[in-house]
Number of protein chains: 2
Amino acid sequence: MKKRRVKLEDIARKLNISIATVSRALDKNPRVKPSTREKVFKTAEAMGYMPNQIAKSLSSGKTNIIGVIIPRYDEPFFIEVCRGIDHYAREHNYKILISSSRNSFEFERENLISYERGIVDGIILSPTHETETFTHIRSIIGKGIPVVLFDNIKEEVSGADHVLIEDDKASYEAVEHLIKTGRKRIAFVGGIKEKKVFQDRFKGYLDAMQANQIEVLDELILHCKSLDREFEDTEINEFLSNLPEFPDAIFTCTDNYGLLTMKTLLKMGYRIPDDVAVIGFGDLGLGEVFVPSMTCIAQPSFEMGQKVAELLIQQFNEPVDKNHRKKVVKLKTELVLRDST
Amino acid sequence: MKKRRVKLEDIARKLNISIATVSRALDKNPRVKPSTREKVFKTAEAMGYMPNQIAKSLSSGKTNIIGVIIPRYDEPFFIEVCRGIDHYAREHNYKILISSSRNSFEFERENLISYERGIVDGIILSPTHETETFTHIRSIIGKGIPVVLFDNIKEEVSGADHVLIEDDKASYEAVEHLIKTGRKRIAFVGGIKEKKVFQDRFKGYLDAMQANQIEVLDELILHCKSLDREFEDTEINEFLSNLPEFPDAIFTCTDNYGLLTMKTLLKMGYRIPDDVAVIGFGDLGLGEVFVPSMTCIAQPSFEMGQKVAELLIQQFNEPVDKNHRKKVVKLKTELVLRDST
DNA sequence: TATGATAATACAAACGTTTGCATTTTTTTA
DNA sequence: TAAAAAAATGCAAACGTTTGTATTATCATA
């Protein structure tokens, strides 16, 4: 005894009216008489009617779903952005379909293509470090599917709005803070070189050093290669253990690098901030808990998510294809001073 | 010049064959001649055909989407479970639609109902602490939609498989470990009393204490009320500051409670583990980084996600409604010993 | 070379909505 | 009270697939 779903037809039959009227009644279309509308609502309720979203979508060409592609789940930054997206999206009656590209360009492409099957109204994407060419994104946009990018954008794509923070500027400020508080020998711990955000953060570091006439020493620079938490630990460990002369400050490009650095330093017996100062990037909650608490560049991740969603939904509502000019939104960061500096 | 999507009809027209044949050809149905199949594939490729998933879903009654409802995003445990779900789901050609109930029963219900509109093939849910009654879930199941629950399950729902860990047993072991290493005055820091997992973890604590004839002192027990990171900090702070006589160990019910506790202890000048030992619950990465590193009950979150997804997909493939007997899967935890004990 | 068997293809209904237009009913007006 | 105007409803096509059954084309057989 498989129970069949109630559909408009069932309500129509029971009330001896047409499907069209039922549909309009439920829509509160003024073209149907209040009294019939009432009847329809009551019967729908009584019969346990639930509209079929798929049929609706087919008919209307809208699914009210936003596809989100992030490089990985286990990075609080991305989750926080998703939370922001979700927040804005729900308010505007959209749901989010999340998938991870697992730091792989191929996966990113596949995910994108799968979304092209019409299951989402638009796409929010943060490119992986592997993403060098943006033709897959251009192709999607060419098909009229709205796209918004955030973070780590290497290439300008016309038609793709994007949201980012000024990584170089943020780093510059942080490093300058270190210099202003008397640090001279400042090390850099960054991430994989292929990733634009890390390039920019590195640039900020270099610029600040040069602007203050401090020599940049290769031996004080680490670009972590790993994409995995454990290996990051090892890399940082080795880096710090093999330094010829010790730095008096370390600027790191993520919260996690910062924490791992602090951990290693403490284990090696250094005092923070007396011997070494440390700065992290992101400020997603952990820096505050660590002892000593960590000075961080605070990135407005939640807001970034909201903004990204806002731009996308704007695109939905724009007159189609009025050769959409790309919008770029830059969000402000803030240096949050804590005990580590 | 809005570009229209290529559909089966376009291919059919171009090749002068019927839509049905095109559909079957793309399906590699043996009923179509190899030579036409080839032609169809070539033309489809050339015209840039992309199947319309919505139309497919309407026709087939399957969306290949799994709906996931978690109480909150900013809890690494839930994200890790989602990652597990996603992992298993993708392998089986399902995508996941995530939403947060924001710790509210009302939101949970709304989300559930919105999924009832046929946009998902099945639902994975972790109930909020507010969820006392399970009629909304029963109702969904009654409509033939597969549901699997995980974590924090207060009530047995026939037809709803679920996956959990034995919270009481895990806590028992942890507290026993403290006792065995000579701790006597053991404090408890738990979460909101309404949440089943916290009830169970508290029970484990009580049982272990009683089994070892240690008196349970109310003054050493804290049930945090807040659902927000910041307030947790304050609560724990106050609790620890106002203790008449200090404990020599603190068992905490989440990683975050553990870390906040350690932070506060260190700030108050206590040495860990010499003066006080601390244990956390979850082991989602942070406990290892903190100095001193934190002993934790490791919860297999990723595996939990995989298992949950597996159970759901199993339900999809089962002969419908053979009055499905509920399956309960219990996953093992492990006590990971580190510097804090 | 007609005849049946088999292979290949086409037709049309179905999935559950929405919506432009036609039709019917009700109300207003002269 | 008949005609015109307005309101309410109904019909049927459309959204892009899948799939059971009917039809046509091809082939082997006698």
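Everything numeric here is computed off the predicted structure, so don't read it as measured data. Numbers restart at 1 for each chain; the letters A, B, ... are given by sequence-line order, proteins then strands.
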- Item | Crowding at NZ, B:Lys154 (>12 non-hydrogen neighbours, <6.0 Å) | yes
With the side chain defined as heavy atoms from C-beta on, A:Asn52 is closest, among C:dT9, D:dT18, C:dT17, to C:dT17
For D:dG10, does the base pair up with any side-chain atom of A:Arg31 as donor and acceptor (N or O, under 3.5 Å, distance only)?
yes
Give one of base, sugar-phosphate or nothing for B:Ser23, where a contact means two heavy atoms less than 4.0 Å apart.
base
Which of C:dT9, C:dT17, D:dG16 is nearest the side chain of B:Lys33? It is C:dT9
**Message:** By the 4.0 Å heavy-atom rule, please label A:Asn16 as base, sugar-phosphate, or nothing.
**Reply:** sugar-phosphate
Whole-Å distance, A:Leu26 CG to C:dT19 P, equals 13 Å
To the nearest angstrom, the CD1-P distance between B:Ile54 and C:dC15 comes to 18 Å
| request: Determine, step by step, whether A:Tyr94 and A:Tyr88 satisfy the ring-ring contact (aromatic ring centres under 6.0 Å, His included) criterion, reporting the C-alpha distance in whole Å, the side-chain angles of both residues, the deciding distance to 0.1 Å, and the verdict. | output: CA-CA 9 Å; A:Tyr94 286 89; A:Tyr88 190 93; 9.4 Å; no
Checking A:Glu310, A:Glu318, A:Glu156 against A:Lys327 for salt bridge (Lys or Arg N to Asp or Glu O under 4.0 Å), the one that qualifies is A:Glu318
Of the candidates D:dA22, C:dG16, D:dG10, the side chain of A:Thr21 sits closest to D:dG10
Rounded to whole Å, the CZ-C1' distance (A:Arg117 to D:dT17) equals 13 Å
Inset, instruction - Would you confirm whether the ring centroid of B:Phe302 sits within less than 6.0 angstrom of the ring centroid of B:His87? - result: yes
note: B:Glu38, atom CD; C:dA8, atom C1'; distance rounded to Å ~ 16 Å
Checklist entry - Does A:Lys56 place a side-chain N or O at less than 4.0 Å from the phosphate oxygens OP1/OP2 of C:dT17? => result no
Looking only at C:dC11, D:dT17, C:dA22, the nucleotide nearest the B:Ala20 side chain is C:dC11
Taken to the nearest whole Å, CZ/A:Arg4 to C1'/C:dA14 is 13 Å
Which part of the nucleic acid does B:Ile17 contact within heavy-atom distance under 4.0 Å: base, sugar-phosphate only, or nothing?
sugar-phosphate
Item to check | Crowding at NZ, B:Lys42 (>12 non-hydrogen neighbours, <6.0 Å) | outcome: no
Rounded to whole Å, the CG-C1' distance (A:Asn29 to C:dG20) equals 12 Å
Rounded to whole Å, CG of B:Leu8 lies from P of D:dT19 at a distance of 12 Å
Taking C:dG16, D:dT21, D:dT17 as options, the one with an atom nearest any side-chain atom of A:Leu58 is C:dG16
Base, sugar-phosphate or nothing for A:Thr36? Non-hydrogen atoms, less than 4.0 Å.
sugar-phosphate
Result for side chain to side chain contact (heavy atoms under 4.5 Å, CB included) between B:Val40 and one of B:Ile17, B:Thr21, B:Val32 points to B:Ile17
Taking D:dT18, D:dG10, C:dG16 as options, the one with an atom nearest any side-chain atom of B:Ser59 is D:dT18
Looking only at D:dG20, C:dT17, D:dG16, the nucleotide nearest the B:Arg24 side chain is D:dG20
From CE of B:Met50 across to C1' of D:dT17 the rounded distance in Å is 16 Å
Considering only heavy side-chain atoms of B:Ile19, the closest of C:dG16, C:dT19, D:dT18 is D:dT18
